[in-house]
Amino acid sequence: MNCLKKDFFIRDVLDIAPDLIGKILVRRFEDGKIKKYIITETEAYRGEEDLACHASKGRTKRTDVMYQNGGIIYVYLIYGMYWMLNFVCENENIPQAVLIRGIKNFNGPGKVGKELKLNREFNYKEIILDNNLCIIDNNIKVNIITKPRVGIDYAGKIWKNKPWRFILAE
DNA sequence: GTTAAGATTCCG
DNA sequence: GGAATCTTAACG
């Protein structure tokens with residue numbers, strides 16, 4: 001299977017987020033069954049200066065994973081109920097991550113986490129099939145719509161209005 | 001040790 | 001508009 005290599009994630013998150021749209025997310029479950037999903041929506045979180053990014057508060061136990069070398073998974077529990085799926089980008093000490101906001105038939109990051117049965121075990125894991133999660137490059141070109149990010153009212157106008165949300169066009 | 005708030009979703 | 005539900009960070 002031609003999964004995306006680590007190189008793909010050692011780039012600026014603003015290049016990676018739109019590149020992931022239309023690609024295939026592969027999840028192997030505990031019982032060995034494999035499911036594939038088309039990625040329909042992503043959001044970019046870029047560095048400490050981005051007030052919407054968790055890393056804007058500095059390096060903590062929670063954000064440490066974003067400072068790692070790209071190509072690993074960042075999952076965290078939000079509101080005590082939903083697991084968010086992110087992929088860490090760029091080189092070490094550059095805190096960037098892409099949030100998977102939607103996959104086909106499951107729009108909304110909370111639903112994505114629920115469908116994929118995520119848990120804390122995925123944090124820091126490489127994005128390879130051996131870790132039960134990877135992405136296939138299908139080389140299909142798609143049309144992408146950009147919009148402001150969602151759920152970050154606390155970040156202030158400048159960052160809230162950035163068109164860093166990428167959506168698969170119909 | 002206690003408290004406040006969050007990259008959400010569902011219900012009224 | 002508000003609750004559900006829990007981890008983390010920022011206090012004391």
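Within every chain, numbering begins at 1; the chains are lettered A, B, ... in the order of the sequence lines, protein sequences first and strands thereafter.
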To the nearest angstrom, how far is [X] atom [atom1] from [N] atom [atom2]?
| X | N | atom1 | atom2 | result |
| --- | --- | --- | --- | --- |
| Arg165(A) | dT8(B) | CZ | C1' | 13 Å |
| Leu77(A) | dT9(B) | CG | C1' | 13 Å |
| Tyr76(A) | dA7(B) | OH | P | 5 Å |
| Ile100(A) | dT8(B) | CD1 | C1' | 16 Å |
| Leu99(A) | dG6(B) | CG | C1' | 13 Å |
| Trp83(A) | dG6(B) | CH2 | P | 19 Å |
| Ile152(A) | dA5(B) | CD1 | P | 19 Å |
| Lys147(A) | dA7(B) | NZ | P | 21 Å |

Pick base, sugar-phosphate or nothing for Lys57(A), based on heavy-atom distances below 4.0 Å to the nucleic acid.
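No contact.
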Under 4.0 Å between any heavy atoms, over every strand shown, what does Arg101(A) touch: base, sugar-phosphate, or nothing? Just pick one.
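Since only primed, P, OP1 and OP2 atoms lie under 4.0 Å of Arg101(A), the category is sugar-phosphate.
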Of Gly80(A) and Thr63(A), whose closest DNA chain C nucleotide lies nearer the 5' terminus?
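Per heavy-atom nearest nucleotide, the more 5' residue is Gly80(A).
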When you measure from the side chain of [X], which nucleotide among [options] comes out closest?
| X | options | answer |
| --- | --- | --- |
| Met81(A) | dT8(B), dA4(C), dT7(C) | dA4(C) |
| Tyr154(A) | dG6(B), dT8(B), dC6(C) | dG6(B) |
| Met84(A) | dT8(C), dT9(B), dT8(B) | dT8(B) |
| Tyr82(A) | dA7(B), dT8(B), dT7(C) | dT8(B) |
| Pro109(A) | dT8(B), dT7(C), dA9(C) | dT8(B) |

Any chance you could measure Cys53(A), atom SG, to Arg149(A), atom CZ, to the nearest 0.5 Å?
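One finds 8.0 Å between SG of Cys53(A) and CZ of Arg149(A).
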If I take atom CZ from residue Arg101(A) and atom CD1 from residue Ile39(A), how far apart are they, to the nearest 0.5 angstrom?
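The CD1 atom of Ile39(A) is 14.5 Å from CZ of Arg101(A), to the nearest 0.5 Å.
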Heavy-atom check, side chain of Asn86(A) versus side chain of Tyr76(A), under 4.5 Å:
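Sidechains of Tyr76(A) and Asn86(A): in contact.
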Side chains of Asn93(A) and Arg59(A): any donor to acceptor distance under 3.5 Å?
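There is such a pair between these side chains.
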Would you say the side chains of Glu115(A) and Tyr37(A) form a donor-acceptor pair under 3.5 Å?
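Side chains of Glu115(A) and Tyr37(A): pair found under 3.5 Å.
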May I ask whether Tyr79(A) stacks on the base of dG6(B), given the cut-offs of 5.5 Å between ring centres and 30° between planes?
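Answer is no, no stack.
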G-U wobble or Watson-Crick pairing nucleotide for dT5(C) (cut-off 3.5 Å, both distances)
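Result: none.
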